[in-house]
Amino acid sequence: MKTFLKKALFFGLLLLLYFSITGIYNYVLDPYGILETRKEFVGIRPNEHSLKVHFVLQNKDKFNSFLFSNSKGGALHFNQLNTVSDAWYNMTYSLGTPEEFYKDMILFLKNNLQIKTIVVGLDEGAIYERASSHKNQASRKFIGMEDQAINWEYFFLPISLKKFLRIDTTKKHVIHDIYQNGNYFEKNAYLEGCDLVEELIATPLPKEELKQALDFSSQIATFRSIQDLCLERSINLTFLVHPTSVENHTNSVEKRFQFNQLLSEMKKKNFRVFQPFEKTLLKNNPCYWLDKHHYTKIVGDSILRMYTSFEELDKINQH
């Protein structure tokens with residue numbers, strides 16, 4: 001019995017030591033930014049979903065136009081399109097889903113935000129990623145921070161060496177600017193001479209045979225909810241399709257094909273879809289891609305120019 005009690009005491013002390021160390025680590029470094037002790041986010045991704053929603057709610061009169069997207073949208077610096085009447089904020093966060101975007105929009109409107117324009121960025125994640133999977137992911141689960149409650153669970157998250165070093169060595173460095181415009185900025189991301197590259201290197205989209213049609217009813221229902229909400233509040237809504245790289249297309253042909261089926265269905269149902277690089281893939285030039293999924297600001301700026309032309313043409317057609 002004494003031997004058992006000694007082992008139990010030793011095990012209990014180890015647990016106490018572990019939770020003490022993790023608690024101190026998470027409180028001091030605050031790797032996900034949830035405890036609000038960390039304000040600068042260089043090299044690693046914080047819980048942008050919670051932080052960005054909270055920041056916007058604390059600055060209701062600062063922004064009236066929003067980009068909602070998964071992490072690909074971080075390179076779309078819509079604030080470059082700011083005017084006297086348009087003030088953009090980038091709501092991009094890791095693996096964001098349309099169903100989460102819809103809930104965020106409702107939360108903003110319930111808190112009396114005056115919203116003029118919304119752009120929803122889409123890629124194949126619109127089919128495969130589910131908000132329910134984020135409930136156990138510290139960097140993605142939504143935490144309501146407006147009540148200023150202490151989020152005790154974050155004290156006991158496992159220690160990550162990458163986060164301790166404040167750098168993810170598997171990716172190029174980015175700076176997440178939550179408290180200005182919501183964008184991320186690539187740091188030392190490009191090769192020398194990228195500024196001399198005159199145009200994007202594109203290749204034709206491969207032709208693919210039509211396969212069995214899939215059921216996209218749940219996705220369409222979410223898009224319809226977003227569209228109806230925007231129509232009700234006289235908000236200009238656009239669904240923007242992120243371009244893809246040659247490498248990503250090669251490694252996920254089935255997903256890309258199914259995503260293209262979803263886009264066809266959206267167009268048939270008269271959703272306003274803006275699809276830059278619709279018939280081309282962008283080659284994996286280091287000037288244009290941080291990795292096979294995330295394009296750089298060089299590509300993002302090109303998309304913004306296309307978006308401006310898309311909006312101007314739409315206004316002409318309406319008249």
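Note that the numbering runs from 1 along the sequence shown for the chain.
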Closest approach of Y89 to G182 (non-hydrogen atoms, all atoms of both residues): CE1-N, 3.4 Å

Minimum side-chain heavy-atom gap N236-I118 below 4.5 Å: no

SB check K267 E278 (cutoff 4.0 Å): yes

Mutual orientation of the aromatic rings belonging to Y179 and F55 [parallel < 30°, tilted 30-60°, perpendicular > 60°]: perpendicular

Mutual orientation of the aromatic rings belonging to F185 and H77 [parallel < 30°, tilted 30-60°, perpendicular > 60°]: perpendicular

Centroid-centroid under 6.0 Å between F223 and F239 rings: yes

Closest non-hydrogen atom pair, D291 against H293: OD1-N, 2.8 Å

Salt-bridge contact E99-K103 (side-chain N to carboxylate O under 4.0 Å): no

Main-chain N/O of N64 paired to D86 side chain as donor or acceptor, under 3.5 Å: no

Donor-acceptor side-chain pairing of S85 and K116 below 3.5 angstrom: yes

Ring center gap for F78 and F66 short of 6.0 angstrom: no

Salt bridge flag under 4.0 Å for residues R272 and E311: yes

